[in-house]
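In what follows, a structure is listed as structure tokens, so that the remarks can point back to it.
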Amino acid sequence: MSVSTMVDSVVDSSHSNGSDIAGLSSLIQLQFVSTTVLQQALDLVENILTSDDQLTVTSKFLPGSTIGKHLRHARDHFILLIDCVAGPAPHIFSYDTRSRNTPMESNLSEAREALKQAISRVNAVVPTANLDTPLTLNAVTPFMQTFETTFGRELWFAGLHAVHHWSMVRVIAGELDIKLNDDFGFAPSTLVYKGSEALLGKAKI
């Protein structure tokens, strides 16, 4: 069984207690976290949201925020990172070179395809990557800064960053009277602390 198939089988299993993932390498554990978080967003646009309009409603509590913008923003971080590490060295990238106002922000079908693509890219690239691969990150803070980092650190960040944005999606969904799963928008550490039965709460990460 390939690593990607193993990760998929754990994610798809309703009986998993996380022990299968806990026994794998740190790299594959991060792959599991990344795909699980992205799958939460895919489930949102496939099974919970019912109209394109729900992607573009502007929040009353988070000015300028829409569900579509948060989904696109978090997905972009994964794609920028994966594309960087999949390319030739030196690995230099920036999270600030994102495209805005893309079709996935306003169209459920486009959002589904974009999220599926992100999951596929993670599953294709991560298993053959190296956690310690050095990366150079250029960032606007708003001052230009350059940081030396690693692929493992940034893959961890991409997952946590997405959860942060899912928590804001939860706020907007609440404004629209849309009920989300109890684990949507909660950090893995919080789920573990609470003893949650959610995948990221049981994985003993």
Side-chain angles (χ1 to χ4, degrees), residues 1-13 16-46 70-99 104 111-139 147-166 183-184 186-189 191-192 198-205:
M1 180 185 293
S2 70
V3 169
S4 292
T5 302
M6 190 181 303
V7 170
D8 289 343
S9 69
V10 173
V11 171
D12 291 339
S13 174
S16 172
N17 61 10
S19 59
D20 293 336
I21 290 296
L24 295 177
S25 70
S26 296
L27 179 69
I28 302 308
Q29 288 175 353
L30 285 174
Q31 178 188 352
F32 167 74
V33 172
S34 298
T35 55
T36 300
V37 169
L38 286 166
Q39 184 63 47
Q40 288 178 328
L42 180 58
D43 181 63
L44 174 70
V45 298
E46 282 192 324
H70 285 294
L71 296 179
R72 187 269 307 159
H73 174 86
R75 174 212 177 257
D76 282 357
H77 276 57
F78 281 105
I79 293 298
L80 288 165
L81 174 62
I82 293 298
D83 285 350
C84 173
V85 80
H91 301 293
I92 304 171
F93 77 116
S94 171
Y95 291 122
D96 300 312
T97 57
R98 301 183 306 274
S99 299
M104 75 167 289
R112 284 192 289 270
E113 290 308 308
L115 289 164
K116 286 179 181 178
Q117 178 201 38
I119 293 170
S120 294
R121 289 287 287 153
V122 168
N123 283 333
V125 172
V126 172
T128 57
N130 188 321
L131 281 179
D132 297 322
T133 296
L135 308 178
T136 299
L137 172 64
N138 294 319
F147 304 99
E148 299 306 317
T149 183
T150 65
F151 175 60
R153 191 273 172 201
E154 296 306 316
L155 188 58
W156 166 81
F157 166 73
L160 197 63
H161 171 261
V163 170
H164 166 71
H165 281 277
W166 293 179
D183 61 323
F184 190 97
F186 285 91
S189 59
L191 296 173
V192 170
L199 275 176
L200 294 183
K202 295 188 294 182
K204 302 293 187 294
I205 301 164

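For the single chain, residues carry numbers from 1 onward in sequence order.
- Side-chain contact between Arg112 and Leu42 is present, with at least one heavy-atom pair separated by less than 4.5 Å.
- Between atom CZ of residue Phe78 and atom CG of residue Leu115 there is a gap of 10.5 Å, rounded to the nearest 0.5 Å.
- Using a 4.5 Å cut-off on side-chain heavy atoms (C-beta onward), Thr150 and Leu131 make no contact.
- A heavy-atom distance below 4.5 Å is not found between the side chains of Ser34 and Val126.
- Side-chain contact between Thr97 and Asn138 is absent, with no heavy-atom pair separated by less than 4.5 Å.
- Across Leu137 and Ser94, no two heavy atoms sit closer than the pair CD1-CA, 4.1 Å.
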Exercise for the section: Please step through side chain to side chain contact (heavy atoms under 4.5 Å, CB included) for the pair Leu135 and Arg153, ending with a clear verdict. Expected result: CA-CA 10 Å; Leu135 308 178; Arg153 191 273 172 201; over 6 Å; no

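- In this structure, the side chain of Thr35 does not engage the main chain of Ile119 through any donor-acceptor pair within 3.5 Å.
- Put simply, the side chain of Arg98 never gets that close to the backbone of His77: no donor and acceptor are under 3.5 Å apart.
- Under the side-chain contact (heavy atoms from CB on, under 4.5 Å) rule, Met104 has a single partner from Gln117, Glu113, Arg75, which is Arg75.
- Annotation: the span from Gln39 atom CD to Phe32 atom CZ amounts to 11.5 Å, rounded to 0.5 Å.
- Distance check, rounded to the nearest 0.5 Å: CD of Glu154 to OG1 of Thr149 gives 3.5 Å.
- Partners of Arg72 by salt bridge (charged side-chain N to carboxylate O under 4.0 Å, His left out), not counting sequence neighbours, listed by chain and number: Asp76, Glu105.
- Judged as a salt bridge (charged side-chain N to carboxylate O under 4.0 Å, His left out), and not counting sequence neighbours, Asp43 has no contacts.
- For Ala162 against Val37, the heavy-atom pair with the smallest separation is CB-CG1, 3.5 Å.
- Interatomic distance, Leu44 CG to His70 NE2, rounded to the nearest 0.5 Å: 12.0 Å.
- Inter-residue side-chain proximity for Thr136 and Pro90 is flagged as unmet; no heavy-atom pair is nearer than 4.5 Å.
- A distance of 11.5 Å separates CH2 of Trp166 from NE2 of His164, quoted to the nearest 0.5 Å.
- Rounding to the nearest 0.5 Å gives a distance of 10.0 Å between CG of Leu71 and CG of Leu38.
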Practice task
Dump the intermediate steps for side chain to side chain contact (heavy atoms under 4.5 Å, CB included) on Leu27 and Phe151, then the final yes or no.
Solution key: CA-CA 10 Å; Leu27 179 69; Phe151 175 60; 4.1 Å; yes

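- Asn130 and Asp132 make their closest contact through OD1-N, 2.8 Å (heavy atoms, listed as atom of the first residue, atom of the second, distance).
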Practice task
Please test Val33 against Leu155 for side chain to side chain contact (heavy atoms under 4.5 Å, CB included), starting from the C-alpha separation and ending with a verdict.
Solution key: CA-CA 9 Å; Val33 172; Leu155 188 58; over 6 Å; no

